[in-house]
Amino acid sequence: GAVQPQAAAPAPAQQALAASPPRDGMPPAVQRMGQMGAGPVISFEPATINQKVGSTFAINVMLSGAQNISSVPVQVTYDSSMLHLVNISNGDLLSKDGQAVALVHREDTKGGTIQMTASRPPSTPGVSGNGSVFTLTFLAVKSGQATLSINRAVLRDAAMQSQNAAGSQAIVSIQ
């Protein structure tokens, strides 16, 4: 791939997300963070979504740059006046070797926050690499632009040592 020139002044994250197309199937925020070598990154895929009022859609919570990860606790916030949480399910990253992954979640649907943790069984080795950890399903209830944000993400490895992960946002445009 060609080396991208660095802009003198970085654009605000939302403009940058909307302006740059995904490369290699990864959201632009992940590409930028990956170039900085910032360690693990938790992001949404896709990073921009267009939906109609009344439609349901799924968005993946992706982890990239995982090193020996056993547990992924994440807090997501969303605009609860525009989006209604329908379902939370496991992604495939933590179970890629066939282990059963425990999914625990707690929602504040009025306040628009989701606390969720995916954990591998105790005494199993952690996983490394990139992939989805959760899949969130929402119902679009009102037109406008809603933001999904990853607020807190502290990964735990097989020895229960914590690693901070960078978070990101997704924009949902509802017509």
Tightest non-hydrogen contact, residues Asn68 and Gly126, listed as OD1-N, 3.0 Å

Can you list the other members of the hydrophobic cluster that holds Val86, where links are side-chain heavy atoms under 4.5 angstrom apart? Leu139, Val141

From CG (Leu136) to CZ (Phe134), nearest 0.5 Å: 8.0 Å

Sequence neighbours excluded, the answer for side chain to side chain donor-acceptor pair (under 3.5 Å) partners of Ser71 is Ser119

Where Ile88 and Glu107 come nearest, the two heavy atoms and their spacing: CD1-OE2, 3.4 Å

Which pairs count as ring-ring contact (aromatic ring centres under 6.0 Å, His included) when at least one residue sits in residues 86-112, sequence neighbours excluded? none

Applying salt bridge (Lys or Arg N to Asp or Glu O under 4.0 Å) as the test, list every pair that has at least one member in residues 128-155; sequence neighbours left out. none

From CA spacing to verdict: side-chain contact (heavy atoms from CB on, under 4.5 Å), Thr113, Val76: CA-CA 6 Å; Thr113 59; Val76 172; over 6 Å; no

Which residues pass the side chain to side chain contact (heavy atoms under 4.5 Å, CB included) test with Ala58, not counting sequence neighbours? Thr135, Thr137

Identify, with sequence neighbours excluded, every residue that meets side chain to side chain donor-acceptor pair (under 3.5 Å) alongside Ser143. none

Report the C-alpha separation of Val53 and Gln175 in whole Å, then their side-chain angles, then the decisive distance to 0.1 Å, and conclude whether the side-chain contact (heavy atoms from CB on, under 4.5 Å) test is met. CA-CA 6 Å; Val53 170; Gln175 283 85 39; over 6 Å; no

Within this structure, what is the OG1-CG distance for the pair Thr109 and Leu83, rounded to the nearest 0.5 Å? 12.5 Å

Are Val74 and Val104 in one and the same hydrophobic cluster, where Ile, Leu, Val, Met, Phe, Trp and Tyr link if side-chain heavy atoms are under 4.5 Å apart? no

Asn90: side chain to side chain donor-acceptor pair (under 3.5 Å) partners, not counting sequence neighbours: none

With sequence neighbours left out, the residues meeting side chain to side chain contact (heavy atoms under 4.5 Å, CB included) with Ser162 are Val154, Arg156

Between atom CG of Asp79 and atom CD1 of Ile174, what is the distance when rounded to the nearest 0.5 Å? 8.0 Å

Heavy atoms of Gly111 and Ser80 approach each other most closely as C-OG, 4.2 Å

Residue pairs passing the ring-ring contact (aromatic ring centres under 6.0 Å, His included) test where at least one lies in residues 63-91, sequence neighbours excluded: Tyr78-Phe138

Taking distance alone, no hydrogens or angles, what donor-acceptor pairs closer than 3.5 Å link side-chain atoms of residues 92-100 to residues at least two apart or in another chain?
from, atom 1, to, atom 2, distance (Å)
Asp92, OD1, Ser132, OG, 3.3
Lys96, NZ, Ser128, O, 2.6
Asp97, OD1, Gln99, N, 3.3
Asp97, OD1, Arg120, NH1, 3.0
Asp97, OD2, Arg120, NH2, 2.8

Identify the two heavy atoms, one from Phe44 and one from Leu148, that lie closest to each other, and give their separation to 0.1 Å. CE1-O, 3.5 Å

Sort and list the pairs that fulfil ring-ring contact (aromatic ring centres under 6.0 Å, His included) and have at least one residue in residues 143-175, not counting sequence neighbours. none

For Ser43 and Ser168, the nearest pair of non-hydrogen atoms, with its separation, is CA-OG, 3.1 Å

Regarding Ser149 and Asn151, is there a side-chain donor-to-acceptor distance under 3.5 Å anywhere? no

Which distance, rounded to the nearest 0.5 Å, do you find between the CZ of Arg106 and the CE of Met116? 12.5 Å

Is a side-chain donor or acceptor of Asp108 paired with a backbone partner of Gly112 at a separation under 3.5 angstrom? no

Taking all non-hydrogen atoms of both residues into account, name the closest pair between Ala140 and Gln51 and its distance. CB-CB, 4.3 Å

Any side-chain to backbone donor/acceptor pair from Glu45 onto Gly131? Under 3.5 Å, distance only. no

Output for pair (Asn130 CG, Met62 CE), nearest 0.5 Å, gives 7.5 Å

Inter-residue atom distance Ser70.OG - Leu155.CG, 0.5 Å rounding: 10.5 Å

Please step through side-chain contact (heavy atoms from CB on, under 4.5 Å) for the pair Val41 and Ser64, ending with a clear verdict. CA-CA 5 Å; Val41 176; Ser64 59; 3.6 Å; yes

